[in-house]
Amino acid sequence: MNNDKIWLSSPHMGGNERKFIDEAFNQNWIAPLGPNVNGFEEDLQKYLQEDVKVATLSSGTAALHLGLILLGVERGDEVLCQSLTFAASANPIIYQGATPVFIDSEPETLNICPGALEEAIIDRMEQGKKPKAIIAVHLYGMPYKIEEVHAVAKKYDIPVIEDSAEALGSSYKEQKCGTFGDLAILSFNGNKIITTSGGGALVTKDQKQKEKAVFLATQARDNAPHYQHSEIGYNYRMSNICAGIGRGQMQVLDQHVEARREMHKFYQALFEEVKGVNIFSEPKNTYFCNHWLTVITIDKQESGFTSEELRLHLEKKNIESRPLWKPMHLQPVFKSAPFYGSSVAAEAFEKGLCLPSGSNLSQDDKTRIAEAITEFFTVSKEN
Ligand SMILES: *Cc1c(COP(=O)(O)O)cnc(C)c1O
């Protein structure tokens, strides 16, 4: 058995990506437009259904930035954002000169807590400012509490941007994640469930919104023979080369979801007998999680070890694992931002660990992971 590094989540090509790239080269479509861009957008629209329109962009972060612009978020506005997430969910709020207001998670999905969300809205309104938007995240592919979160959003008439960067292939009540929000974003970064090396998409409700996003993503050029601009634009469009990779990846997306769900089952079996280790799983059968990453939480009192001890042991075996996202309200860069809730996100960060979950992990890799973890239990029991 080899000792190559086992990664948390690495790119996994299906085989046809090169065919689409070769076509782009043969036709000299190397630009941020072309048949692969259109083809990839159509593939995504078909996959997501619900009549959405998709604009493919240079990253998920760019998609969130344009989403905030489309919702009219401006300097001085406030945007409510799930605290337990990757920094890219929150950074675009700052790009717009707005203020993030962070919201705690609830324990079942580890996503935005509807109760804390409503508390925040009421309090911000009492202080004289109605939040302009809500950013809710399907963390590690787990759908957030769709009905409860959208009920609060509707009650106060605040639009939701659904951060579905980690959740392509997940669904709730058979409806795909990425179709619930007023707008949604996807990411095709190198470690996501499918990748275009780097890339993202904004999912909109109609063609007009999509056209506006594409206009802003291509330098906001007015309709004139010369270069004329009435608005500030961005260079955020996806290239035809990256979109070619995306078209190949769409052919294997469902296989990737299947393989990652198999990894989740593999860990379920591995940890079944271990006291104090909880595998983060779907709370009900209405949830379908792509299990982009399998997450465990460890109760030190019961298990006798910490997530950091397990992480260091795996690292010695050349196996990558990683703490959960550190909540945004605990980040130095956001220390002055308001926060609503208690300690659910902070505790998840404290106790959690993400395990290798790639769709390309081999039987050998799984054996190595199982042996490393079993050895760790034996050693930690002896101490
Ligand atoms: C990856 C990710 C993003 C950003 O996507 P990029 O394509 O890397 O810019 C945003 N939100 C979450 C939750 C992510 O995991």
Answer yes or no: are there more than 12 heavy-atom neighbours, outside [X] itself, under 6.0 Å from its atom [atom1]?
X	atom1	value
R18	CZ	no
E350	CD	no
Q228	CD	yes
N26	CG	yes
E174	CD	no
E273	CD	no

*H329-F339 aromatic ring centre distance below 6.0 Å*: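 Yes: the rings meet the under 6.0 Å criterion.
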*asked:* Using side-chain heavy atoms (C-beta onward) and a distance below 4.5 Å, is L324 in contact with C354?
replied: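 Contact flag for L324/C354 side chains = yes.
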*Which residues pass the side-chain contact (heavy atoms from CB on, under 4.5 Å) test with Q363, sequence neighbours left out?*
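So Q363 forms a side-chain contact (heavy atoms from CB on, under 4.5 Å) with K366, T367.
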Could you pull out the closest heavy-atom pair between [X] and [Y], with the gap in Å?
X	Y	result
H150	G181	CE1-CA, 3.9 Å
S307	L353	O-CD2, 3.9 Å
E41	V54	CD-O, 3.2 Å
H256	I194	ND1-CG2, 4.1 Å
A62	S59	N-OG, 2.9 Å

*Quick one: hydrophobic cluster around Y227, which other residues, with the 4.5 Å side-chain cut-off, linked directly or via members?*
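Reading the cluster by chain and number, Y227 sits alone, since nothing else belongs.
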_Clusters formed by hydrophobic residues whose side-chain heavy atoms approach within less than 4.5 Å: which one holds I245, and what are its other members?_
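Same cluster as I245: M13, I21, F25, I30, I241.
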*asked:* Between F40 and F20, does the ring pair (Phe, Tyr, Trp, His ring centres under 6.0 Å) criterion hold? Intermediate values first, please.
replied: CA-CA 10 Å; F40 187 31; F20 291 109; 9.7 Å; no
*Residues R368 and N3: side-chain donor-acceptor under 3.5 angstrom*: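 Yes, side-chain donor-acceptor contact under 3.5 Å.
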*Could you list all the side-chain hydrogen bond (donor to acceptor under 3.5 Å, both in side chains) pairs where at least one residue sits in residues 162-173, not counting sequence neighbours?*
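Counting only pairs at least two positions apart or across chains, the side-chain hydrogen bond (donor to acceptor under 3.5 Å, both in side chains) contacts touching residues 162-173 are S89-D163, H138-E162, E147-Y172, E147-K173, E166-W325.
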*What pairs of residues pass the side-chain hydrogen bond (donor to acceptor under 3.5 Å, both in side chains) test when at least one of them lies in residues 69-82, not counting sequence neighbours?*
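Listed once each, the pairs are D77-K132, E78-R124, Q82-N111.
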*Could you check whether the rings of F377 and F271 sit parallel, tilted or perpendicular, using 30° and 60° as the cut-offs?*
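F377 vs F271 ring planes: perpendicular.
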[atom1]/[X] to [atom2]/[Y] distance, rounded to the nearest 0.5 angstrom?
X	Y	atom1	atom2	answer
I232	I69	CD1	CD1	10.0 Å
Q249	D43	CD	CG	12.0 Å
F102	T85	CZ	OG1	9.5 Å

*N-O pairing of E308 and R311 below 4.0 Å*: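 Result for this pair is yes, salt bridge flagged.
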*Ion pair check, E282 and R261, cut-off under 4.0 Å*: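 Yes, E282 and R261 are salt-bridged.
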Please answer whether the main-chain N or O of [Y] pairs with a side-chain N or O of [X] as donor and acceptor at a distance below 3.5 Å.
X	Y	answer
E371	T374	no
E106	E108	yes
K210	V203	no
S357	L293	no
T195	F188	yes
D123	E119	no
H65	P92	no

*L216/L70 under side chain to side chain contact (heavy atoms under 4.5 Å, CB included): CA gap, chis, key distance, verdict*: CA-CA 9 Å; L216 292 171; L70 288 185; 4.2 Å; yes
_With E118 via side-chain hydrogen bond (donor to acceptor under 3.5 Å, both in side chains) - residues at least two apart_ =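 Listed in chain order: K155, Y156.
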*Under the side chain to side chain contact (heavy atoms under 4.5 Å, CB included) rule, what do K129 and T99 come out as? Steps first, then yes or no, please.*
CA-CA 11 Å; K129 230 173 224 174; T99 302; over 6 Å; no
_With side chain to side chain contact (heavy atoms under 4.5 Å, CB included) as the criterion, how do I6 and L361 come out once you've worked through the C-alpha distance, each side chain's angles and the decisive distance to 0.1 Å?_
CA-CA 8 Å; I6 296 178; L361 292 174; 3.7 Å; yes
